[in-house]
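Worksheet: the structure to be examined is printed underneath.
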Amino acid sequence: MNILAQIAADVATGVQTLYGQETPAEKVALSPTRKEFEGDYTVVVFPYTKAAKKKPVDIGEDLGKYLITNSTNIVAYNVINGFLNLSIAPSYWTNLLEEIAVNENYGKKPANGRKIMVEYSSPNTNKPLHLGHIRNILLGWSSAKIYEAAGYEVIKVQIVNDRGIAICRSMLAWERFGNGETPESSGIKGDHFVGKYYVKFNTEFVKEYEEWQHTEEAKSVYAAKKKENQDETAFFKAYKNDYFNEYSFLGRDAKEMLVKWEANDPEVRTLWKKMNGWVLAGFDKTYESLGVVFDKLYFESDTYLLGKELIEKGLKEEVLFKDGKRVWTDLSNIGMQQKTILKSDGTSTYTSQDLGTAQMRYNDYQAERVIYVVGDEQISHFQGVFEILKRLKEPYADGLYHLAYGMVDLPTGRMKSREGTVVDADDLVAEVIGAAKADAIERGEIVDMPKAEQEDTFRKIGLGALKYFILKVNSKKRMVFNPEESVETQGNTGPYIQYAYVRCSGVARKAPEINMATSVDYTDLQAPEKELILKIFQYPAAIEDAAKEYDPSVLAAFSYDLARAYNKFYHDINILKSESESAMAFRLKLSAVVARTLASSMDLLGIEMPARM
RNA sequence: GGUCCCAUAGCUCAGCUGGAUAGAGCAGCUCACUUCUAAUGAGCAGGCCUCAGGUUCGAAUCCUGAUGGGAUCACCA
């Protein structure tokens with residue numbers, strides 16, 4: 001039992017013996033004492049006024065006295081209004097540090113034999129990854145790390161959306177305008193290369209559309225279908241999709257290609273494989289630069305027809321209904337309307353795919369929980385899918401969770417591909433590393449390092465800045481990504497935390513070796529030292545919280561607070577000039593534990609620590 | 001129209017199951033480097049926690065309603 005649970009339990013029995021009021025220990029209001037008061041933890045005594053029939057101050061006195069004699073580590077108390085401030089024996093904190101020092105896995109839970117699957121990234125194979133994907137990827141990776149730290153076996157998967165009309169557009173454009181160009185021949189990274197043809201298709205399509213607007217056919221369509229008071233420009237702007245489906249030659253050809261793809265046409269399939277191969281190779285490089293990996297890739301081209309069994313079962317159990325070939329269900333109980341699962345031509349939908357994929361993955365891994373890291377614009381979709389699986393009484397249905405994160409906006413507003421404001425993932429990574437490099441060179445602190453090591457340090461700092469900037473924001477909130485602030489290294493930033501770590505390393509380099517297992521006789525605990533131990537003490541709870549809330553930002557905040565406490569300590573107390581040998585040994589040990597804890601908590605965010613910077 | 005999310009300092013964000021005078025960072029103004037790396041530390045200034053009710057000894061936090069912003073409710077993925 002840790003000290004907090006101990007105090008809570010003692011307060012509970014104290015209230016029971018003093019006033020005869022039954023109080024569960026979990027209900028005891030216990031919080032860290034505010035800085036301006038004397039003490040470590042504070043008990044709020046207002047809740048006991050009724051049973052005690054006394055003033056809060058008197059209750060505080062009663063309980064304070066009771067705890068001094070009946071609770072092990074409490075050495076002093078004071079009462080202010082309804083607040084009982086308790087001081088814990090310094091030896092408790094120094095002993096705690098000794099314990100933590102010899103625990104390499106401090107904060108992490110032992111393996112519990114349970115399995116969680118995290119699905120993240122899930123890109124389309126028609127264009128490169130962008131800033132939105134980066135938030136997704138960082139959240140997915142961090143969640144996976146957090147669950148591992150919480151004792152779970154985590155399977156990281158990605159579902160690659162590699163089929164459909166979008167990829168056919170790129171294919172068509174490449175076939176028609178590519179002249180056999182390849183990523184190799186052009187020197188363009190595969191995903192960007194294919195993206196280029198996706199854009200090419202679009203510009204050609206727009207050209208075609210504009211020409212068509214001057215034809216007699218277009219005029220008669222406008223006359224027949226325009227809404228009241230709708231001028232030509234507005235009409236044709238709104239009509240674009242219909243044009244693609246009904247009149248466009250390029251649209252017709254792209255759709256034809258999709259039909260051929262579905263019919264397994266060898267030529268189309270070969271081209272498709274070639275271009276997807278280029279894209280996937282490009283994605284791999286991006287993932288590598290971000291330091292993330294996957295255990296298993298699912299491809300939509302393999303899964304899009306799944307779900308038939310579940311649908312059969314649903315029809316039999318009258319969870320799903322049939323109209324001709326169309327299969328649907330009613331979701332009004334969760335605030336939605338009818339959901340189509342198979343279209344009236346009998347073909348699959350996103351919903352049927354997701355039903356089938358859920359089942360397939362359960363068959364593959366039997367994970368008790370699956371976390372889908374997907375943007376919050378798909379909240380309703382997943383509510384629908386999960387609801388249907390619940391109605392089908394699938395054993396895994398209750399373990400499905402949609403980690404819905406908010407959009408990433410720029411200071412100028414939303415990213416819009418049409419306006420070219422989408423921030424490319426590879427560009428961004430290169431930029432943050434470049435900025436870190438410029439900073440570091442100007443500071444000149446690591447110029448003596450071997451070149452390769454320097455580059456590695458720039459990379460760690462740049463990515464540290466970027467990742468922390470994104471992960472420090474609560475995942476479910478929409479966030480503003482300011483490119484200038486994302487490369488900042490001062491204040492509440494990744495590099496600030498890395499710098500605290502670098503200070504720890506610097507001290508360790510210049511000090512005599514210490515043995516973490518040798519206990520130190522030090523009792524004159526200074527305020528900044530106690531502050532640090534208190535902070536370190538909160539690490540396990542931070543991990544638990546982050547796991548429970550599906551929220552890495554908890555660990556970002558923890559890391560920052562710990563770094564801040566260390567910087568304060570470092571500033572106030574010169575470790576290498578300590579007043580005694582034992583004081584120095586204690587501080588070196590404290591410093592080493594801080595370093596380890598910072599590295600550990602940042603690792604859960606996917607951020608690496610440089611040794612120097 | 002239905003459902004859901006968000007609203008805290010000029011800006012970007014924290015505020016755990018309700019608890020003391022609402023916190024950080026950035027930007028602004030001061031101060032501290034012959035010191036274990038100043039990518040640091042200390043200070044000043046900056047708030048009707050969107051609004052109105054309610055519950056409570058006590059509300060930024062819980063409930064209801066309003067306002068503003070966003071998402072979604074497809075035989076798209």
Side-chain angles (χ1 to χ4, degrees), chain A residues 26-27 29 31 33-34 36-37 42 44-47 49-50 56 80-83 85 124 161 163-166 241 300 304 323 325-328 331-332 334-347 349-351 353-354 375-381 383-384 404 406-407 409 411 414 436 439-440 443 445-446 461 465 469 472-474 476-482 484-485 488-493 495-500 502-511 541-542 545 548-549 553-554 556-557 560-561 564 567-568 570-577 587 591 612-613:
Chain A
E26 311 83 61
K27 289 274 175 188
S31 52
T33 301
R34 296 178 65 107
E36 56 268 42
F37 302 107
T42 297
V44 183
V45 303
F46 288 109
T49 46
K50 265 185 203 149
I80 297 169
N81 299 323
F83 300 92
N85 302 321
N124 294 318
N161 300 301
R163 52 148 236 125
I165 193 72
N241 265 333
E300 194 198 0
Y304 81 110
D323 261 347
K325 285 185 179 173
R326 174 173 178 252
V327 174
W328 59 278
L331 294 175
S332 52
I334 54 170
M336 282 184 271
Q337 297 161 20
Q338 279 195 7
K339 187 113 179 158
T340 297
I341 294 153
L342 292 182
K343 299 179 213 167
S344 44
D345 61 0
T347 57
T349 62
Y350 191 32
T351 305
Q353 274 182 50
D354 270 354
D376 63 5
E377 72 275 11
Q378 294 196 36
I379 287 175
S380 323
H381 168 71
Q383 275 177 344
M407 291 269 137
D409 289 327
R414 345 180 29 148
D439 255 18
R443 284 168 53 79
E445 200 67 54
I446 58 169
I461 297 171
F469 188 80
K472 76 173 172 185
V473 181
N474 186 319
K476 65 170 184 269
K477 285 195 183 175
R478 191 175 253 270
M479 70 171 286
V480 177
F481 183 87
N482 184 326
E484 278 137 45
E485 284 175 23
E488 269 299 319
T489 62
Q490 297 175 2
N492 188 357
T493 66
Y496 172 94
I497 298 164
Q498 289 172 325
Y499 183 67
V502 162
R503 283 180 148 177
C504 296
S505 321
V507 170
R509 245 193 330 268
K510 296 193 175 156
D545 249 36
K548 199 177 77 197
E549 302 295 324
S553 72
V554 172
Y560 175 65
D561 285 348
R564 208 151 60 99
N567 277 334
K568 168 79 173 150
Y570 183 93
H571 180 267
D572 289 358
I573 297 170
N574 192 315
I575 301 168
L576 298 184
K577 291 183 185 161
R587 286 164 190 161
S591 195
R612 293 169 54 199
M613 66 190 278

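All figures in this text were calculated on a predicted structure; none of them were measured in a lab. Letters A, B, ... are given to chains in the order of the sequence lines, protein chains preceding strands, and every chain is numbered from 1.
- Residues forming a side chain to side chain donor-acceptor pair (under 3.5 Å) with A:Tyr496 (at least two apart in sequence, or on another chain): A:Asn567.
- Taking only side-chain atoms of A:Arg34, from C-beta outward, the nucleotide of B:A39, B:G23, B:C36 with the closest atom is B:G23.
- Annotation: the span from A:Lys568 atom NZ to A:Ile573 atom CD1 amounts to 9.5 Å, rounded to 0.5 Å.
- The distance from atom NZ of A:Lys510 to atom CD1 of A:Ile575, rounded to the nearest 0.5 Å, is 12.0 Å.
- A distance of about 44 Å separates the P atoms of B:C4 and B:A42, rounded to the whole Å.
- Contact annotation: A:Arg503 reaches the phosphate of B:A38 (side-chain N/O to OP1 or OP2, under 4.0 Å).
- By the side-chain contact (heavy atoms from CB on, under 4.5 Å) test, A:Asn81 is found to be paired with A:Phe83, residues two or more places apart in sequence or in another chain being considered.
- Residue-level contact check: A:Asn85 touches the bases, meaning some heavy atom is under 4.0 Å from a base atom.
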I'd like to know whether A:Phe469 forms a side chain to side chain contact (heavy atoms under 4.5 Å, CB included) with A:Thr493, so could you lay out the CA-CA distance, the side-chain angles of the two residues, the decisive distance to 0.1 Å, and finally the verdict.
CA-CA 7 Å; A:Phe469 188 80; A:Thr493 66; over 6 Å; no

Check nucleotides 55-62 of chain B against the protein and report each pair of N or O atoms closer than 3.5 Å, with its distance, or say if there are none.
none

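- Look at CD1 on A:Ile575: it is 13 Å from C1' on B:U37, rounded to the nearest Å.
- Taking atom CD of residue A:Gln337 and atom P of nucleotide B:G2, one finds them 12 Å apart after rounding to whole Å.
- Side chain of A:Thr42 to main chain of A:Asn85: no donor-acceptor pair is present (N/O by atom type, distance under 3.5 Å, no hydrogens or angles).
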Between protein and nucleotides 75-77 of chain B, what N or O pairs are separated by less than 3.5 Å?
from  : atom 1 : to       : atom 2 : distance (Å)
B:C75 : OP2    : A:Thr340 : OG1    : 3.1
B:C75 : O2     : A:Ser344 : N      : 2.9
B:C75 : O2     : A:Ser344 : OG     : 2.6
B:C75 : N3     : A:Ser344 : OG     : 2.8
B:C76 : OP2    : A:Lys343 : NZ     : 3.1
B:A77 : OP2    : A:Tyr350 : N      : 3.2
B:A77 : O3'    : A:Glu300 : OE2    : 2.7

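- Summarising the geometry, the separation between NZ on A:Lys27 and P on B:U17 is reported as 12 Å, rounded to the nearest angstrom.
- Both thresholds, 5.5 Å between centres and 30° between ring planes, are met by A:Phe83 relative to the base of B:A20, so the two rings are stacked.
- The distance from atom OH of A:Tyr560 to atom P of B:G23 is 15 Å, rounded to the nearest whole Å.
- The gap from the C1' atom of B:C73 to that of B:G18 amounts to 35 Å, rounded to the nearest Å.
- In this entry the distance linking CG of A:Asp572 with P of B:C36 reads 16 Å, nearest Å.
- Remark: the separation of the P atoms in B:G47 and B:C51 is 14 Å, to the nearest Å.
- Under the salt bridge (Lys or Arg N to Asp or Glu O under 4.0 Å) criterion, A:Arg478 pairs with A:Asp409, not counting sequence neighbours.
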Using a 4.0 Å heavy-atom cut-off, write out nucleotides 3-14 of chain B from 5' to 3' as B (base contacted by protein), S (sugar-phosphate only) or - (no contact).
---SS----SSS

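- Partner of A:Val327 under the side-chain contact (heavy atoms from CB on, under 4.5 Å) criterion, chosen from A:Thr351, A:Thr349, A:Ile341: A:Ile341.
- In this structure, A:Phe37 counts as stacked on the base of B:A20 under the 5.5 Å centre distance and 30° plane angle limits.
- Taken from CE in A:Met479 to CG in A:Asn482, the straight-line distance is 9.5 Å, to the nearest 0.5 Å.
- Rounded to an integer number of Å, the gap from A:Lys568 NZ to B:A38 C1' is 15 Å.
- The distance from atom CE of A:Met613 to atom CZ of A:Arg443, rounded to the nearest 0.5 Å, is 6.5 Å.
- At a threshold of 4.0 angstrom between heavy atoms, the contacts of A:Ile446 with the nucleic acid are absent.
- Contact annotation for A:Tyr570: base contact, defined as any heavy-atom pair under 4.0 Å involving a base atom.
- Judged as a salt bridge (Lys or Arg N to Asp or Glu O under 4.0 Å), and not counting sequence neighbours, the contacts of A:Arg587 are A:Glu529, A:Glu579.
- Counting all heavy atoms, side chain and backbone alike, A:Glu488 lies closest to A:Ala465 at O-CB, 4.2 Å.
- In this structure, of B:G41, B:A20, B:G70, it is B:G41 that holds the atom nearest to the side chain of A:Asn567.
- When distances are taken from the side chain of A:Arg443 to each of B:C36, B:A39, B:A24, the shortest belongs to B:A39.
- Heavy atoms of A:Val554 sit nowhere under 4.0 angstrom from any nucleic acid atom.
- The structure places CZ of A:Arg503 at 8.5 Å from NE2 of A:His571, a figure rounded to the nearest 0.5 Å.
- Contacts of A:Ser332 with the nucleic acid, taken as non-hydrogen atoms under 4.0 Å apart, are absent.
- The gap from the C1' atom of B:C5 to that of B:C44 amounts to 38 Å, rounded to the nearest Å.
- When the C1' atom is used for both B:U56 and B:U61, the distance is 13 Å, rounded to whole Å.
- OP1 and OP2 of B:G69 both lie 4.0 Å or more from every side-chain N or O belonging to A:Arg414.
- Backbone-only contact: A:Gln490 has heavy atoms under 4.0 Å from sugar-phosphate atoms and none from a base.
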Watson-Crick and G-U pairing of RNA chain B, under 3.5 Å, as dot-bracket with | and [ ]:
(((((((..((((.....[...)))).(((((.......))))).....(((((..]....))))))))))))....

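- Residues satisfying the side-chain contact (heavy atoms from CB on, under 4.5 Å) test with A:Thr489, not counting sequence neighbours, are A:Asp439, A:Pro495.
- By the salt bridge (Lys or Arg N to Asp or Glu O under 4.0 Å) test, A:Glu36 is found to be paired with A:Arg34, residues two or more places apart in sequence or in another chain being considered.
- In this structure, A:Lys510 atom NZ and B:U35 atom P are separated by 11 Å, rounded to whole Å.
- To the nearest angstrom, C1' of B:U37 lies 10 Å from CE of A:Met613.
- Comparing the C1' positions of B:A52 and B:U72 gives an interatomic distance of 29 Å, to the nearest angstrom.
- Summary of the strand contacts: A:Ile80 and A:Glu445 both lie near RNA chain B, and taking for each the nucleotide with the nearest heavy atom, the more 5' one is attributed to A:Ile80.
- On the C1' atoms, B:C48 is 22 Å away from B:U12, given to the nearest whole Å.
- With sequence neighbours excluded, the residues that form a side chain to side chain donor-acceptor pair (under 3.5 Å) with A:Gln353 are A:Glu300.
- Phosphate proximity of B:G41 to A:Tyr496: present, with a side-chain N or O under 4.0 Å from OP1 or OP2.
- Shown here are the salt bridge (Lys or Arg N to Asp or Glu O under 4.0 Å) partners of A:Lys472, two or more places apart in sequence or in another chain: there are none.
- Among B:A24, B:C73, B:C16, the nucleotide with an atom closest to any side-chain atom of A:Ser31 is B:C16.
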